[in-house]
Amino acid sequence: MRASSYFAPTLREVPAEAEIPSHKLLLRAGYLRKLGAGVYTYLPLAWKVIRKMEQVLREEQETISSVEMRMPTLVPKELMEETGRWGLDVVYKLQDRRKADFALGFTHEEVITDLARQELRSWRDLPVMLYQVQTKFRDEPRPRGGVIRTREFLMFDAYSFDRDVNAMDGSYKAQRTAYERFFQRIGLQYLIVDADGGAIGDLDNQEFMSLADAGEDTVLSCDACSYAANAEKCPVNPPADTDGATTASMSDVHTPNARTIDEVSTFLGTSPSAFIKTLIYAADGKPIVVLVRGDHTVNDVKLARIVGASELELAPESMVTAVTGAPVGFAGPVGLSGVPVYADHAVTVLKNAVTGANKADYHVTGVAAGRDFTWTTVADIRVAEDGDSCPMCASGTMRTTRGIEIGHIFKLGDKYSKAMQLDVMGEEGKPQAIQMGCYGIGMSRSLAAIVEASHDKDGIIWPISVAPFEVTLIVAARQDDAQYAAADAIYRDMKAAGIDVYFDDRDERAGVKFKDADLMGCPIRVVVGKGLATGVVEVKQRGVDGLDTVAVADVIDHVKQLRQRLLDELKPVTEHA
RNA sequence: CGGGGCGUGGCGCAGCUUGGUAGCGCGGGUGCUUUGGGAGCACUAGGUCGCAGGUUCGAAUCCUGUCGCCCCGACCA
């Protein structure tokens, strides 16, 4: 492709809307433009990268006998109602001219399951694994980070159908391997972490995380074993009972205007870890009391699962007052009754704690768990933190990092097949529910994740497997006839040799073309310039210091070798089972 | 949805406190010079200051409302 006829508008200055590196660079280098909040146009460069990613993905899906198809974006309301997902906030809804309701597809379990229940009859039809790459629509409460979280985005989604749990496990493992190889081949480092399945399912599910400061998720990984988990999932070991014997006795202390843990601990000169944080939640509209240690944070995802609530939020002020008899900021477990109390493990071993007195401007000290208050349920309900002991091995310590969720794989079991009567005739002549799995990759988000992971101050550095072009060919002085003729010949030879080359033949100063080449980020740069007088051109690798001076006659071979070396570096290390 | 911030030529910003009819840099066009890391000079085009009301002789500037966008949080299948 010649730059003179391409469309890659670069920007010298960073648009004010961008904060994170991938967003800034994708805008500046001419990959993306915003149409509205969380709605982006993918310019030719970005689309080419995505198509290359898709190609790698297709190859990996092919090897596990996963078959590409395409489902509609318009999904009838009736289908969504079968699983109860029509009412979700993220669903975009619209009506046709006859006032029939549709959702814009935000994931396709309903559609694929509907198809499967019509077409799959016998256990002999299984297994089946189907996938598509399609635009998904989600009315996100807050799009962010450019293309990290958008309302319209490109997603790969796959679905497996198996005759029993064992076979489903096999499909799950096959997809996990395909995912590993895919991410390895597109040059994206990842961590596989245990995750919470949210509304989609609570069986085994794992996320592929690209570690990045701009990530929205907190990931904990063990420094001794291979265990890693999303913070919303990561279990916390119960603490040792180290407070010793109960000695102190309770007394009320006047704490005027001190409501937060920081304020009260400063006022009393105690540590936040000696506090019992008492939170009133509304669980499906009914109040519950939640106790965690003052220096801990409630994990709402864990809590919702333990309580079994579908809607869980901090209680409104009126409910807090009704439960505690005090203004917000002075709640404590002592003397509370008639409300279920959920206590985190760490609270139940406190022997000399501070907590709210359930009256304005008073706290209680010397509180002992079990003696001065009790609970209805004790469980793991706090967020795991950096420094916690590993829940899986004896010696490890958990460390936190930020991650971008680039893929998520789920075992669904019979959740959707039961809800939608998806069964087949089994070997024994009786109907049996199909065991499903579903698997997603955020294609547009992965694009951003690569840029987050691979850039420098000058621009993007693409892995060669997904770079929009393998080579940027620059003619330093377009108006120099000899240079242009030589560059043009090299361009033709490269194309003939099957090299994907971007020929910057614009009549711009050399500096402009160098800057744009760095921004765009193609991994190999060839410059035809001053050296041509002595019959040589320059070959440089993006992001690597130094360059090779190569005779014009050797440049094609040289580039092919470099290309092969770069591709070899991306060879997947994970083998299919 | 809660908190914070921002809407002024294509992009980045100043002007707003203290009202007087809009300015700078980059980018665009033309010409000349220049030509290996975002060139120089000259000329030039381009803005109902997000929108709607209001106050005022007069509003980018003050008031009210509204829409949009960004960040933090909530949320995130």
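Throughout, protein chains are lettered first and strands after them, A, B, ... in sequence-line order, and every chain is numbered starting at 1.
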Checklist outcome for this item: In B/S/- notation (B base, S sugar-phosphate only, - none; protein heavy atoms under 4.0 Å), nucleotides 35-40 of chain B written 5' to 3' is BBBBB-
Checklist entry - How does protein contact run along nucleotides 68-74 of chain B, one letter per nucleotide 5' to 3', with B for base contact, S for sugar-phosphate only, - for none, heavy atoms under 4.0 Å? => result -SSBBBB
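Spacing of C1' atoms, B:G9 relative to B:G23, comes out at 11 Å, to the nearest Å. For B:U21 and B:G31, the C1' atoms lie 34 Å apart once the distance is rounded to whole Å. Here the separation of B:G73 from B:G12, taken at their C1' atoms, is 29 Å to the nearest Å. Taking atom C1' on both B:G46 and B:G36, the two are 34 Å apart, rounded to the nearest angstrom. Separation of the C1' atoms belonging to B:C69 and B:U18 is 30 Å when rounded to the nearest angstrom. Straight-line distance between the P atoms of B:G53 and B:G5: roughly 28 Å, to the nearest whole Å. When the C1' atom is used for both B:U44 and B:C57, the distance is 37 Å, rounded to whole Å. Spacing of P atoms, B:A77 relative to B:G2, comes out at 23 Å, to the nearest Å.
Under a 4.0 Å N-O distance rule, the pair A:Arg305/A:Asp380 does not qualify as a salt bridge. Looking at A:Glu109 and A:Lys415, no side-chain N of the basic residue comes within less than 4.0 Å of a carboxylate O on the acidic one, giving no salt bridge.
With a cut-off of 3.5 Å on both pairing distances, the Watson-Crick or G-U wobble partner of B:A42 is B:U30. Across the strands present, B:G7 finds its partner in B:C67; the criterion is a Watson-Crick or G-U wobble pair with both atom distances under 3.5 angstrom. With both pairing distances under 3.5 Å, B:U48 is matched to nothing as a Watson-Crick or G-U wobble pair. Searching all strands for a Watson-Crick or G-U wobble partner of B:G73 with both distances below 3.5 Å returns B:C1. In this entry B:C24 has B:G12 as its Watson-Crick or G-U wobble partner, both defining distances falling under 3.5 Å.
Environment of CD in A:Glu81: crowded, with over 12 heavy atoms of neighbouring residues, nucleotides or ligands closer than 6.0 Å. For A:Asp507, the CG atom counts as densely surrounded, since its 6.0 Å shell holds more than 12 non-hydrogen atoms of other residues, nucleotides or ligands.
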Throw together a table of side-chain donor-acceptor distances under 3.5 angstrom for residues 283-300 of chain A, partners on residues two or more places apart or in other chains.
| unit_1 | atom_1 | unit_2 | atom_2 | d |
| --- | --- | --- | --- | --- |
| A:Asp284 | OD1 | A:Ser310 | N | 3.2 |
| A:Asp284 | OD1 | A:Ser310 | OG | 3.1 |
| A:Asp284 | OD1 | A:Glu311 | N | 2.8 |
| A:Asp284 | OD2 | A:Ser310 | N | 3.3 |
| A:Arg293 | NE | A:Asp295 | OD1 | 2.9 |
| A:Arg293 | NH2 | A:Asp295 | OD2 | 3.0 |
| A:Arg293 | NH2 | A:His296 | NE2 | 3.4 |
| A:His296 | ND1 | A:Arg382 | NE | 3.3 |
| A:His296 | NE2 | A:Arg382 | NE | 3.4 |
| A:Asn299 | OD1 | A:Val301 | N | 3.0 |
| A:Asn299 | OD1 | A:Lys302 | N | 3.0 |
| A:Asn299 | ND2 | A:Ala231 | O | 3.2 |
| A:Asn299 | ND2 | A:Glu232 | O | 3.3 |
| A:Asp300 | OD1 | A:Tyr281 | OH | 2.9 |

Result block: side-chain N/O donor-acceptor pairs under 3.5 angstrom for residues 527-540 of chain A, not counting sequence neighbours:
| unit_1 | atom_1 | unit_2 | atom_2 | d |
| --- | --- | --- | --- | --- |
| A:Thr534 | OG1 | A:Gly531 | O | 3.0 |
| A:Lys540 | NZ | A:Val544 | O | 3.0 |

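Taking atom NZ of A:Lys24 as the reference point, atom C1' of B:G12 lies 13 Å away to the nearest angstrom. Atom CD in A:Glu405 sits roughly 9 Å away from atom C1' in B:A77 (whole-Å rounding). Straight-line distance from the CG atom of A:Leu303 to the P atom of B:C75: 11 Å, rounded to whole Å. Put simply, CE on A:Met155 is 13 Å from C1' on B:C76, counting in whole angstrom units. Atoms CD (A:Glu232) and P (B:C76) sit 8 Å apart, rounded to a whole Å. Going from atom CG of A:Leu25 over to atom P of B:C11 covers 19 Å, rounded to whole Å. For the pair A:Phe106 CZ and B:C75 C1', the interatomic distance rounds to 15 Å; values are reported in whole Å. B:A77 atom P lies 17 Å from atom CE of A:Met436, rounded to whole Å.
Side chain to side chain, A:Tyr439 and A:Ser160 meet the donor-acceptor criterion of an N or O pair below 3.5 Å.
Ring-plane geometry between A:Phe156 and A:Tyr131 is classed as tilted, the angle between the planes lying from 30 to 60 degrees on a 0 to 90 degree scale.
The salt bridge (charged side-chain N to carboxylate O under 4.0 Å, His left out) pairs that include a residue from residues 440-456 of chain A are A:Glu216-A:Arg445, A:Asp456-A:Arg542, where partners are two or more places apart or lie in different chains. Residue pairs meeting the ring pair (Phe, Tyr, Trp, His ring centres under 6.0 Å) criterion with at least one member in residues 14-45 of chain A, sequence neighbours excluded, are A:His23-A:Tyr40, A:Tyr31-A:Trp462.
Taking A:Asp516 as the reference, A:Thr10, A:Arg506, A:Val512, A:Leu519 meet the side chain to side chain contact (heavy atoms under 4.5 Å, CB included) condition, with sequence neighbours excluded. Residues passing the salt bridge (Lys or Arg N to Asp or Glu O under 4.0 Å) test with A:Arg142: none are found, sequence neighbours excluded. Applying the salt bridge (Lys or Arg N to Asp or Glu O under 4.0 Å) rule to A:Lys233 yields no partners; only residues at least two apart in sequence or on another chain are considered. Contacts of A:Phe469 classified as ring pair (Phe, Tyr, Trp, His ring centres under 6.0 Å), with partners at least two apart in sequence or in another chain: A:Tyr6, A:Tyr502.
RNA chain B lies under 4.0 Å from at least one heavy atom of each of the following residues of residues 71-86 of chain A: A:Arg85.
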Under 3.5 Å, N/O pairs linking protein and nucleotides 22-25 of chain B:
| unit_1 | atom_1 | unit_2 | atom_2 | d |
| --- | --- | --- | --- | --- |
| B:G25 | N2 | A:Glu13 | OE1 | 2.6 |

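Proximity of A:Tyr190 to A:Ser210: side-chain heavy atoms (C-beta onward) are nowhere separated by under 4.5 Å.
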